[in-house]
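Here the structure is laid out as structure tokens; the discussion comes afterwards.
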Amino acid sequence: MIPFQSLAFARSVSVALTMLSLLGIATDSLAADLNDLTWTTENDQVTITDCDQNAAGTLEIPPLIEGNPVTTIASDAFSHCALLSDVVLPEGVTSIGDNSFVNCLSLRTVSLPESLQSIGVWAFGRCESLKAASIPAGVTSIGFVAFASCISLPTIEVAPSNMHFQSIDGVLFNSTGTLLLTVPAGRSGRYSIPASVTGIESAAFRDCKNIHQVVIHEDVNFIGANSFEGCNSLSRIITASPNMHFQSLDGVLFDADASTLITYPAGKTGIYTVPTTVGTIAELAFAQSHGLTGVTIGDNVTTIGNLAFYQCRNLESAWVGNGVTTIGDLTFQECESLRTLRLGTNISEIGSQTFLLCKSLSRVSLPRSLVSIGNRAFALCYGLTTVIIEGAPPTMGDIVFEQIGAGAIAEVEPDQLAAFGGAGADWNGLQVAMADTAAMAPLTTDFGRITGAKIVNTGDSVTLTASPQPGFAFAHWTGDANGTDNPLSVTLDSDLAVGAVFVPEATYNAIAASGREEVINDPQAFELFTADQLQALATGMTISRKPDGTFTLIFDVKKSSDLVEFIDIDNTGNTVHINAEGNIELDFVSGERAEFFRLLFRE
């Protein structure tokens, strides 16, 4: 996460670098020297404590200053020295403190001496131009995220004789190769974690913006917090099977029983429905997922961690189920495209800055169960003009509605009007008015979109239209509506939420094989399932139908005893058929269960 002050500093640095360029001065041609440094001497040993932030170019620190050896680089000594390009540390330096070179944006190389023993926390963090890092043999301690967010750094090398760390394919590990410490942020493509690894350090992949896929070995039993933070291109996390601690569903990382959603890859796109097995969404689980456009959190979820949807900049709709009681601090902060928000009926607490800078949010309904709202929870929601409060006045933090839409109102129930000060009163910066409206909210929907959902006066109607993506057809409505009418007119006597089911309208393939437990691929790339698996599929999956709602499907059936050569078989006995509801139905006799079956459905 980048604090506002760092962003401001980065802009000032950019201006400074531009001015040097306009003056025809390259940082390569500049050289910093001893006059740019501040130091202290204690027990005849020198500690470098500060550097002039205007120091530019190459800096070579001498081994002796005033006749005393330089042994320590203090914490923050070179932080924000954004014009330094190369630094040479002398032999004799044993310690580099926390944040020593953080935000040295132009630093390309740093020479670490053989005498070095420790590197502090965040020591070279966000050195965005750093091209190489080589850990000497004597280093025994490397602080947390010491080389994180160095987006130009492709590898971290370690001296072969180092007894505490090692580099495997340019990635930093502990000495035994069991704990993955840091993947350099300049790495790209697909990364498969080595088989020796059992743990992944917190923030290990931080700001690896060009890694698109990570494969986690079956023996990994620990993954630290925020391990994949800032991996903007990561679209899929795969867990090898069997893994007793984690599993991947559709590229999303969960714990072993899928009760906790750990990480939604930031590069994954579209809308997402949290599986019904999930009870907890971990802290930062969806953070900075800029491709996420909609999320549905069902009633099964009871806990949403802080910052869970932080900076999901293209998230347009969020549906929070009735199992959630608390929405924590900064959960939806800076979701600047969020327009549709539905909060469950059991939410009692909204944390601090929860919806800060949700600029597109114009209307929000707060449930009757709500007891308290934290500091600046809806601050800087510039488009927010209507807050519907279904219950009694909640306890309010500081400036909850700071800088929201002009003339914003609080719509309250008639029996609570006096508690808010009466019609026209000012309540925490909102003008109190009596509520008499109902909202139609669209549920997040795959393979199409719903238009026409809006907030109207109670008793008025809205007309919903379901529009499929190319290659898909509208099947039926779901949620608080049913049937197949499209468009659909709905009268709103209360808040409703409606979704649409879209199905493929083209060719369908399904294949069955008995005697196998796992999915396998034959040379023609057909998926093969056991008879039991296909029977389960028959009870839980509706075959897609054509736009007019009819099923006109024929199919070929082939069988084989060895998966090598399939032959046609007679289908007159309804070995496989489509029932009136459009579900696959299968009939297997005992002898056939030893055979492999391939079913090819087509229009």
Side-chain angles (χ1 to χ4, degrees), residues 1-2 6 10 13 17 27-28 58-59 73 78-89 96-113 116 118-137 139 141-160 162 164-174 177 179-194 200-214 224 226-234 266-267 288:
M1 296 175 291
I2 304 174
S6 294
V13 167
L17 290 170
T27 55
D28 290 354
T58 299
L59 172 64
I73 307 299
F78 292 90
S79 64
H80 302 292
C81 288
L83 303 180
L84 286 176
S85 61
D86 304 275
V87 172
V88 178
L89 300 181
I96 297 174
D98 297 344
N99 312 308
S100 295
F101 292 88
V102 70
N103 282 320
C104 289
L105 301 181
S106 300
L107 186 64
R108 298 173 305 190
T109 65
V110 58
S111 177
L112 303 179
L116 188 63
S118 66
I119 300 172
V121 172
W122 199 225
F124 295 93
R126 206 174 289 122
C127 290
E128 296 184 349
S129 300
L130 191 63
K131 303 292 186 184
S134 183
I135 310 299
V139 172
S141 171
I142 299 177
F144 180 61
V145 294
F147 291 92
S149 305
C150 297
I151 59 176
S152 299
L153 183 64
T155 61
I156 299 173
E157 302 299 333
V158 178
N162 189 296
H164 299 274
F165 303 97
Q166 66 169 305
S167 176
I168 302 175
D169 191 25
V171 176
L172 183 64
F173 293 84
N174 66 349
L179 181 63
L180 191 161
L181 299 174
T182 300
V183 178
R187 195 181 183 98
S188 61
R190 181 178 187 267
Y191 182 66
S192 183
I193 294 172
I200 301 173
E201 179 64 278
S202 299
F205 288 80
R206 184 170 183 173
D207 286 335
C208 290
K209 299 182 183 299
N210 294 311
I211 285 182
H212 61 77
Q213 190 175 95
V214 171
N226 316 328
S227 291
F228 302 97
E229 181 183 355
C231 296
N232 296 342
S233 299
L234 182 62
Q288 297 178 333

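No experiment lies behind these values; they were computed from the predicted model shown.
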*Dump the intermediate steps for side-chain contact (heavy atoms from CB on, under 4.5 Å) on Ile156 and Ile135, then the final yes or no.*
CA-CA 8 Å; Ile156 299 173; Ile135 310 299; 4.2 Å; yes
[atom1]/[X] to [atom2]/[Y] distance, rounded to the nearest 0.5 angstrom?
X	Y	atom1	atom2	answer
Ser149	Asp207	OG	CG	3.5 Å
His164	Ser141	NE2	OG	9.5 Å
His80	Leu105	NE2	CG	9.0 Å
Phe228	Gln288	CZ	CD	14.5 Å
Phe165	Asn174	CZ	CG	8.5 Å
Ser106	Leu84	OG	CG	8.5 Å

_Using side-chain contact (heavy atoms from CB on, under 4.5 Å), reason through Leu172 and Ile142 one step at a time and then give a plain yes or no._
CA-CA 10 Å; Leu172 183 64; Ile142 299 177; 4.0 Å; yes
*Is any NZ, NE, NH1 or NH2 atom of the basic residue among Lys131 and Asp86 found under 4.0 Å from an Asp or Glu carboxylate oxygen of the other?*
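Judged by the 4.0 Å cut-off on N to carboxylate O distance, Lys131 and Asp86 do not form a salt bridge.
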Residue pair [X] / [Y], side-chain heavy-atom distance below 4.5 Å:
X	Y	value
Phe78	Ile73	yes
Cys208	Val183	yes
Asn232	Leu234	no
Phe205	Thr182	no
Pro184	Pro154	no
Ile96	Leu89	yes
Phe173	Leu179	no

*Passes side-chain contact (heavy atoms from CB on, under 4.5 Å), Asp98 versus Phe144? Steps please.*
CA-CA 9 Å; Asp98 297 344; Phe144 180 61; over 6 Å; no
Looking at [X] and [Y], what are the two nearest heavy atoms and their distance?
X	Y	value
Arg206	Arg126	NH2-NH2, 4.3 Å
Ala146	Ile119	CB-CG2, 4.2 Å
Gly224	Ser227	O-OG, 2.6 Å
Cys150	Ala185	O-CB, 3.5 Å
Pro113	Pro136	O-CG, 3.3 Å

*Verify side-chain contact (heavy atoms from CB on, under 4.5 Å) between Ile211 and Arg187, making sure each step is shown before the conclusion.*
CA-CA 7 Å; Ile211 285 182; Arg187 195 181 183 98; 4.3 Å; yes
